[in-house]
Amino acid sequence: VFQGADFIVTHRHPEQVVASVCALFCGTLGLYNDGDFSGFVGPAMMMSFGETIRQHLLWRDSYPCDKVLDLAFDDVVTREFDALAKVYAFLGLRLTQRSRQHVRDWLHMDASRRVPSRQFELATFGLDAQQVNERFAPYIERYANYL
């Protein structure tokens with residue numbers, strides 16, 4: 001459907017993503033049920049995200065490298081202008097001072113995002129770093145520079 005489209009892919013270490021998504025999923029389930037789903041959610045997310053990453057790697061092997069820009073998630077949220085310059089260059093756009101000012105204005109308005117985010121522990125969901133690192137080893141190896 002989107003043949004030849006340009007993609008921007010952000011990368012974050014699976015240890016952070018899996019723990020965060022498990023907490024989100026438990027929170028969503030908790031809206032409708034008082035049960036403790038933490039023991040179920042960990043393995044379910046490992047299976048689901050593991051398959052998603054496997055499919056992503058297959059897609060990346062078949063999609064033209066010059067049509068995908070990889071960025072570290074941390075750069076997007078802590079070095080916004082460096083990341084923005086990379087995105088503009090990748091898309092062949094000129095990053096103007098006016099555009100930069102609009103981003104500065106938005107960042108000022110959204111300063112609350114600088115509040116440290118909650119940290120979630122893998123152990124809460126019956127997981128540990130070794131399990132995550134083994135399951136996502138091909139992804140971690142391939143994108144180590146972005147994690």
Side-chain angles (χ1 to χ4, degrees), residues 1-31 37-38 40-125 127-147:
V1 172
F2 300 108
Q3 197 165 11
D6 293 322
F7 288 91
I8 300 165
V9 180
T10 58
H11 299 279
R12 195 172 178 201
H13 200 285
E15 287 178 36
Q16 297 167 326
V17 174
V18 170
S20 179
V21 171
C22 284
L24 177 65
F25 197 72
C26 279
T28 302
L29 290 172
L31 294 172
F37 293 95
S38 56
F40 161 77
V41 167
M45 290 299 104
M46 287 288 285
M47 184 180 69
S48 176
F49 274 46
E51 178 59 18
T52 299
I53 290 297
R54 189 183 76 75
Q55 291 292 328
H56 175 80
L57 294 174
L58 289 172
W59 170 73
R60 289 301 297 268
D61 288 341
S62 67
Y63 204 78
C65 294
D66 64 333
K67 302 298 282 175
V68 182
L69 173 65
D70 293 296
L71 293 172
F73 176 81
D74 288 343
D75 288 347
V76 173
V77 297
T78 63
R79 290 177 282 286
E80 299 92 346
F81 287 99
D82 292 342
L84 189 61
K86 290 176 184 176
V87 168
Y88 269 67
F90 171 68
L91 297 174
L93 301 172
R94 191 171 145 264
L95 181 57
T96 65
Q97 287 305 318
R98 183 173 181 217
S99 295
R100 287 178 183 274
Q101 187 57 50
H102 285 302
V103 173
R104 277 189 211 91
D105 292 345
W106 184 84
L107 290 171
H108 178 72
M109 177 194 69
D110 192 46
S112 64
R113 76 185 189 90
R114 296 290 185 185
V115 175
S117 61
R118 292 181 55 195
Q119 299 298 314
F120 302 100
E121 301 294 324
L122 289 167
T124 303
F125 309 102
L127 302 172
D128 62 42
Q130 181 178 343
Q131 289 172 291
V132 172
N133 289 322
E134 286 174 4
R135 179 68 170 110
F136 295 94
Y139 172 83
I140 292 168
E141 280 181 36
R142 184 167 181 168
Y143 297 107
N145 293 339
Y146 301 97
L147 307 176

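Just so it is clear, the values below take in all heavy atoms, side chains as well, and ignore hydrogens, waters and symmetry mates.
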Student: What donor-acceptor contacts under 3.5 angstrom involve side-chain atoms of residues 16-28, with partners at least two apart or in another chain?
Tutor:
unit_1	atom_1	unit_2	atom_2	d
Thr28	OG1	Leu24	O	3.0

Student: Ile53: what forms a side chain to side chain contact (heavy atoms under 4.5 Å, CB included) with it, not counting sequence neighbours?
Tutor: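 If we apply the side chain to side chain contact (heavy atoms under 4.5 Å, CB included) test to Ile53, skipping adjacent residues, the hits are Leu57, Phe136, Tyr139.
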Student: By side chain to side chain contact (heavy atoms under 4.5 Å, CB included), which residues pair with Asp74, not counting sequence neighbours?
Tutor: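 For Asp74, no residue satisfies side chain to side chain contact (heavy atoms under 4.5 Å, CB included) once neighbours in sequence are set aside.
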Student: Identify, with sequence neighbours excluded, every residue that meets side-chain hydrogen bond (donor to acceptor under 3.5 Å, both in side chains) alongside Arg142.
Tutor: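 Arg142 satisfies side-chain hydrogen bond (donor to acceptor under 3.5 Å, both in side chains) with Asp61 once adjacent residues are dropped.
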Student: Is the number of heavy atoms from other residues, nucleotides or ligands within 6.0 Å of CZ (Phe120) greater than 12?
Tutor: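 Atom CZ in Phe120 is packed in, count exceeds 12.
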Student: Can you name the side-chain hydrogen bond (donor to acceptor under 3.5 Å, both in side chains) partners of Asp82, sequence neighbours left out?
Tutor: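 Per chain and number, Asp82 pairs via side-chain hydrogen bond (donor to acceptor under 3.5 Å, both in side chains) with no residue.
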Student: According to side chain to side chain contact (heavy atoms under 4.5 Å, CB included), who are the partners of Glu141, at least two apart in sequence or on a separate chain?
Tutor: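 Per chain and number, Glu141 pairs via side chain to side chain contact (heavy atoms under 4.5 Å, CB included) with no residue.
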Student: List in chain and number order the residues that pass ring-ring contact (aromatic ring centres under 6.0 Å, His included) with His56, two or more places apart in sequence or in another chain; answer none if no residue qualifies.
Tutor: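 With sequence neighbours excluded, His56 shows a ring-ring contact (aromatic ring centres under 6.0 Å, His included) to Trp59, given in chain and number order.
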Student: Could you list the residues that satisfy side-chain hydrogen bond (donor to acceptor under 3.5 Å, both in side chains) with Asp105, not counting sequence neighbours?
Tutor: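 Expected list: Gln101.
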Student: State the CD-CD1 distance between Glu134 and Ile140, to the nearest 0.5 angstrom.
Tutor: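 That separation rounds to 10.0 Å.
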Student: Search all heavy atoms of Glu15 against all heavy atoms of Leu122 and return the closest pair with its distance.
Tutor: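 Heavy atoms of Glu15 and Leu122 come nearest at O-CD2, 3.9 Å.
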Student: Taking the side chain as every heavy atom from C-beta outward, state whether Val87 and Leu71 have any atom pair closer than 4.5 Å.
Tutor: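 The answer is yes; the side chains approach within 4.5 Å.
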Student: Under the side-chain hydrogen bond (donor to acceptor under 3.5 Å, both in side chains) test, which residues partner Arg60, sequence neighbours left out?
Tutor: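 With sequence neighbours excluded, Arg60 shows a side-chain hydrogen bond (donor to acceptor under 3.5 Å, both in side chains) to Asp70, Tyr143, given in chain and number order.
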Student: Rounded to the nearest 0.5 Å, what separates atom OH in Tyr146 from atom NE2 in His11?
Tutor: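 Going from the OH atom of Tyr146 to the NE2 atom of His11 covers 6.5 Å.
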Student: The criterion is salt bridge (Lys or Arg N to Asp or Glu O under 4.0 Å); which residues satisfy it with Arg54, sequence neighbours excluded?
Tutor: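 Per chain and number, Arg54 pairs via salt bridge (Lys or Arg N to Asp or Glu O under 4.0 Å) with Glu51.
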Student: Among all residues two or more places apart in sequence or in another chain, which pass the side chain to side chain contact (heavy atoms under 4.5 Å, CB included) test with Gln131?
Tutor: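 Side chain to side chain contact (heavy atoms under 4.5 Å, CB included) list for Gln131, sorted by chain: Met46, Leu127, Asp128.
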Student: So among His108, Arg104, Met109, which one has a side chain to side chain contact (heavy atoms under 4.5 Å, CB included) with Trp106?
Tutor: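 For Trp106, the side chain to side chain contact (heavy atoms under 4.5 Å, CB included) check succeeds only for Met109.
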Student: Show the nearest heavy-atom pair for residues Val68 and Tyr63, with the distance to one decimal.
Tutor: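 Closest heavy-atom pair between Val68 and Tyr63: CG2-CD2, 3.7 Å.
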Student: Looking only at heavy atoms, which two atoms of Pro14 and Leu147 are closest? And how far apart?
Tutor: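 Of all heavy-atom pairs spanning Pro14 and Leu147, the closest is CD-CD1, 4.5 Å.
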Student: What pairs meet the side chain to side chain donor-acceptor pair (under 3.5 Å) rule with one or both residues in residues 84-97, with sequence neighbours excluded?
Tutor: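 For residues 84-97: Thr96-Ser99.
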Student: Rounded to the nearest 0.5 Å, what's the gap from CG on Asp6 to CD1 on Ile8? Could you check?
Tutor: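 Result: 8.0 Å between the selected atoms.
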